[in-house]
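The model shown is predicted, which means the values in this text are computed figures rather than measured ones. All heavy atoms count here, side chains included; hydrogens, waters and symmetry mates do not.
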Amino acid sequence: MIYKIFQNYGEAIFVTTGQQSILLQAVIKHVVCTYLRNDEVALSPAYTPLTRYEEYVFNHGLHLFITRRGEKTAEYWVAQALKVALRAVYDNNELTLYFIELFTGFVNGHFLSEEAVMEYFHAQ
């Protein structure tokens, strides 16, 4: 359901109002909750192909997070989102690795520069 909200209303709710940080928190919470409870209905519902559903929420939410942020590059915003996500799960190694996997998939799937993301991540 959260994916459909992001898909249909995400830009109007979060992007045009400048509320991307709230969006990012919702995405992180969704991934953490579905991962930790290992809910097969939420992760792989019958109406989707064999895939983990939170990846759709993550990818669409992160895309909205970096949308129309003209003052910095997409790689910069992905790095900032990665910092926030890893701070939220710092005490869970498996979840940390899962978030890194999700971010890597997003970066590669959107043809962003991994090197630039890592450079921004390590800066500041």
Side-chain angles (χ1 to χ4, degrees):
M1 186 156 135
I2 194 168
Y3 172 70
K4 283 298 186 185
I5 292 170
F6 287 173
Q7 184 181 38
N8 295 327
Y9 308 107
E11 188 160 334
I13 294 170
F14 300 109
V15 177
T16 59
T17 61
Q19 300 297 318
Q20 289 96 334
S21 61
I22 294 171
L23 168 72
L24 182 61
Q25 292 302 319
V27 169
I28 292 168
K29 291 245 187 251
H30 177 75
V31 172
V32 168
C33 289
T34 55
Y35 183 88
L36 291 179
R37 75 177 178 199
N38 199 21
D39 185 342
E40 288 303 316
V41 173
L43 296 177
S44 301
Y47 54 84
T48 64
L50 294 175
T51 186
R52 292 178 63 104
Y53 190 64
E54 82 266 20
E55 291 179 29
Y56 289 111
V57 173
F58 177 83
N59 286 329
H60 199 74
L62 191 56
H63 176 75
L64 287 171
F65 180 76
I66 67 173
T67 297
R68 289 202 265 157
R69 299 291 262 313
E71 67 273 11
K72 303 280 184 176
T73 66
E75 287 87 352
Y76 172 84
W77 291 111
V78 169
Q80 298 310 306
L82 177 59
K83 284 181 183 183
V84 171
L86 294 184
R87 272 190 230 118
V89 298
Y90 72 93
D91 59 344
N92 186 322
N93 289 337
E94 289 179 18
L95 194 49
T96 297
L97 292 174
Y98 184 62
F99 263 107
I100 292 170
E101 180 183 317
L102 288 173
F103 273 95
T104 301
F106 182 87
V107 167
N108 292 331
H110 288 81
F111 304 104
L112 300 175
S113 168
E114 283 185 52
E115 294 80 20
V117 171
M118 292 313 299
E119 186 177 311
Y120 285 123
F121 180 81
H122 291 295
Q124 301 172 353

What's the separation between atom [atom1] in [X] and atom [atom2] in [Y], rounded to the nearest 0.5 Å?
X	Y	atom1	atom2	answer
Phe14	Leu24	CZ	CG	10.5 Å
Ile28	Leu23	CD1	CG	9.5 Å
Lys29	Thr34	NZ	OG1	13.0 Å
Glu94	Leu36	CD	CG	9.5 Å
Leu112	Thr104	CG	OG1	11.5 Å
Phe6	Leu62	CZ	CG	11.0 Å

Do [X] and [Y] have side-chain heavy atoms sitting under 4.5 Å apart?
X	Y	answer
Ile13	Gln19	no
Thr67	Gln20	no
Glu11	Arg68	yes
Val57	Val31	no
Ile66	Phe106	yes
Leu82	Tyr120	no

Verify the ring-centre separation between His60 and Tyr56: is it less than 6.0 angstrom?
-> no
Quick check: is [Y] connected to [X] through a chain of hydrophobic side chains (ILVMFWY, heavy atoms under 4.5 Å apart)?
X	Y	value
Met118	Leu102	yes
Ile100	Val27	yes
Phe58	Ile22	yes

So which heavy atom on Leu95 is nearest to which on Tyr35, and how close?
-> CD1-CD2, 3.3 Å
Do you know which two heavy atoms are closest between Lys83 and Ala123, and how far apart they sit?
-> NZ-O, 2.9 Å
Return the set of residues passing ring pair (Phe, Tyr, Trp, His ring centres under 6.0 Å) with Phe99 (not counting sequence neighbours), or none when no residue passes.
-> none
Hey, is the main chain of Leu86 close enough, under 3.5 Å, to the side chain of Thr96 for a donor-acceptor pair?
-> no
Going through the distances and angles, do Glu75 and Val107 end up as a side-chain contact (heavy atoms from CB on, under 4.5 Å)?
-> CA-CA 8 Å; Glu75 287 87 352; Val107 167; over 6 Å; no
Classify the angle between the aromatic ring planes of Phe65 and Trp77 as parallel (below 30°), tilted (30 to 60°) or perpendicular (above 60°).
-> perpendicular
